[in-house]
2 protein chains.
Amino acid sequence: MTKARQAVQEILDAAGTPLCALDVEERAGSLCDPATIYRSLHYLEERGLAESFVLHCEAHGTERYYVSGKAQHRHWFHCERCHRFVDLGACRVEPILRDMEDDTGVTIRSHTLYASGFCSACRGL
Amino acid sequence: MTKARQAVQEILDAAGTPLCALDVEERAGSLCDPATIYRSLHYLEERGLAESFVLHCEAHGTERYYVSGKAQHRHWFHCERCHRFVDLGACRVEPILRDMEDDTGVTIRSHTLYASGFCSACRGL
DNA sequence: GTTCCTTTTGCGAATGATTCGCAAAATCAA
DNA sequence: TTGATTTTGCGAATCATTCGCAAAAGGAAC
Ligand SMILES: [Mn+2]
Ligand SMILES: [Mn+2]
Ligand SMILES: [Zn+2]
Ligand SMILES: [Zn+2]
């Protein structure tokens, strides 16, 4: 584990919310080059130490977000107004996916689920 | 409804699988400029005539896929080997999302769910 | 701690999907 | 028709991400 990879891992572990590459860069300061951030994220994801999903938000465009792979697999909500993520808790769709596998014959190795709308703070605005 | 928008709508309605912008372009032939394809897709999505999701596949990178908004809302599986989509059937996660709303206080306006792995044809390779 | 080999990094250039600016073309309403 | 509004084509610009490559770092025997 190199210094850069270690730092990225710790940033994700401590975040408590999905981070895009730029978020990680900011938190890493001048520790390493942006390209190394990307490479470290890939490195961690390949080894299951990080997970990612791609979210499209009207305001920010398409961005890939990363979370630590050390926490329990969970899903996220993205607020279209304040652009914060809300933790929706541990994954509840595994049984449904298993049904879908039975129905269609596919073998599911991974899935992406996220929701968007307004968080409770932004709802009445 | 202009000629270009009409054509894009018909392409999505007839597709039976999610299409990326390039797929739509190919099917539209020289009917219009690529920029007009993108603009038409946005136009249709704003009006609920199309839906999209962003999928990241190791082999193809990050791409946005569109489906007709006229069919029932459903979810898709993406094969990591042959890169075809398999229809997973009508959405089954609405009740779970409603529970998540109750648990967290967020208001969900849309959600994205897709799975990936190997389709039945690619499984034994 | 020197030597040789493998891996990682920085830096700048390239990519590729998508978006923009703007003037021409098409639509629409009166 | 006419003038206003919307849409389109085309090329340039964006922007996140990736690449190429040479320098730097790390590692395992001598
Ligand atoms: Mn956002
Ligand atoms: Mn693919
Ligand atoms: Zn909010
Ligand atoms: Zn397949």
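Sequence lines set the chain letters: A, B, ... in the order given, protein chains first and strands last, and positions in each chain run from 1.
Rounded to an integer number of Å, the gap from B:E58 CD to D:dT18 C1' is 12 Å. In this structure, A:R47 atom CZ and C:dT7 atom C1' are separated by 12 Å, rounded to whole Å. For the pair A:H60 NE2 and C:dT19 P, the computed distance is 15 Å after rounding to whole Å. Rounded to an integer number of Å, the gap from CG of A:L44 to P of C:dT8 is 12 Å. Atom CD in A:E46 sits roughly 10 Å away from atom P in C:dT8 (whole-Å rounding). Taking atom CZ on A:F53 and atom P on D:dA16, their separation rounds to 17 Å, with Å as the unit. Rounding to whole angstrom units, CG of residue A:L31 and C1' of C:dG10 are separated by 13 Å. Rounded to a whole Å, the CG atom of A:D23 is 11 Å from the P atom of D:dA16.
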Under-3.5 Å N/O pairs linking protein and nucleotides 11-18 of chain C:
unit_1: C:dT18; atom_1: OP2; unit_2: B:Y38; atom_2: OH; d: 2.6

Table of protein N/O atoms under 3.5 Å from nucleotides 5-7 of chain D N/O atoms:
unit_1: D:dT7; atom_1: OP1; unit_2: B:R5; atom_2: NH1; d: 2.6
unit_1: D:dT7; atom_1: OP1; unit_2: B:R5; atom_2: NH2; d: 3.1
unit_1: D:dT7; atom_1: O5'; unit_2: B:R5; atom_2: NH2; d: 3.4

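Without hydrogens or angle criteria, B:E51 side chain to B:Y66 main chain gives no donor-acceptor distance under 3.5 Å. Within the 3.5 Å criterion, the main-chain N or O of A:M100 finds a donor-acceptor partner in the side chain of A:T104. Between the side chain of A:E45 and the backbone N or O of A:S52, at least one donor-acceptor pair lies under 3.5 Å.
Note that A:R47 lies in the cation-pi zone of A:Y43, set by a 6.0 Å cut-off to the ring centre and a 45° limit from the axis.
When all heavy atoms of A:G16 and A:W76 are compared, the closest pair comes out as O-CH2, 3.4 Å.
For the residue pair B:H75 and A:H111, no side-chain donor N or O sits within less than 3.5 Å of a side-chain acceptor on the partner.
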Compile the donor-acceptor pairs under 3.5 Å between side chains in residues 112-125 of chain A and protein atoms, sequence neighbours left out, one pair per line.
unit_1: A:Y114; atom_1: OH; unit_2: A:V54; atom_2: O; d: 3.1
unit_1: A:S116; atom_1: OG; unit_2: A:E80; atom_2: OE2; d: 3.4
unit_1: A:S116; atom_1: OG; unit_2: B:S110; atom_2: OG; d: 3.0
unit_1: A:R123; atom_1: NE; unit_2: B:T107; atom_2: OG1; d: 3.3
unit_1: A:R123; atom_1: NH2; unit_2: B:T107; atom_2: OG1; d: 3.3

Identify every side-chain donor-acceptor pair in residues 84-98 of chain A under 3.5 Å, counting partners at least two apart or on other chains, and give the distances.
unit_1: A:D87; atom_1: OD1; unit_2: A:R74; atom_2: NE; d: 3.2
unit_1: A:D87; atom_1: OD1; unit_2: A:G89; atom_2: N; d: 2.7
unit_1: A:D87; atom_1: OD2; unit_2: A:R74; atom_2: NE; d: 3.0
unit_1: A:D87; atom_1: OD2; unit_2: A:R74; atom_2: NH2; d: 3.1
unit_1: A:R92; atom_1: NH1; unit_2: B:D103; atom_2: OD2; d: 3.4
unit_1: A:R92; atom_1: NH2; unit_2: B:D103; atom_2: OD2; d: 2.7

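Over its length, the helix from C:dG1-D:dC30 to C:dA30-D:dT1 turns its helix axis by 40°, as judged from the five terminal pairs at each end, rounded to 10°.
Residue pairs meeting the side chain to side chain donor-acceptor pair (under 3.5 Å) criterion with at least one partner in residues 15-34 of chain B, sequence neighbours excluded, are absent.
The CG atom of A:L41 sits 10.0 Å away from atom CD of A:Q9, with the distance rounded to the nearest 0.5 Å.
Between B:M1 and B:P34, the residue anchored nearer the 5' end of DNA chain C, judged by the nucleotide with its closest heavy atom, is B:P34.
Ring orientation note: the planes of A:H78 and A:Y65 are tilted relative to one another, at an angle of 30° to 60°.
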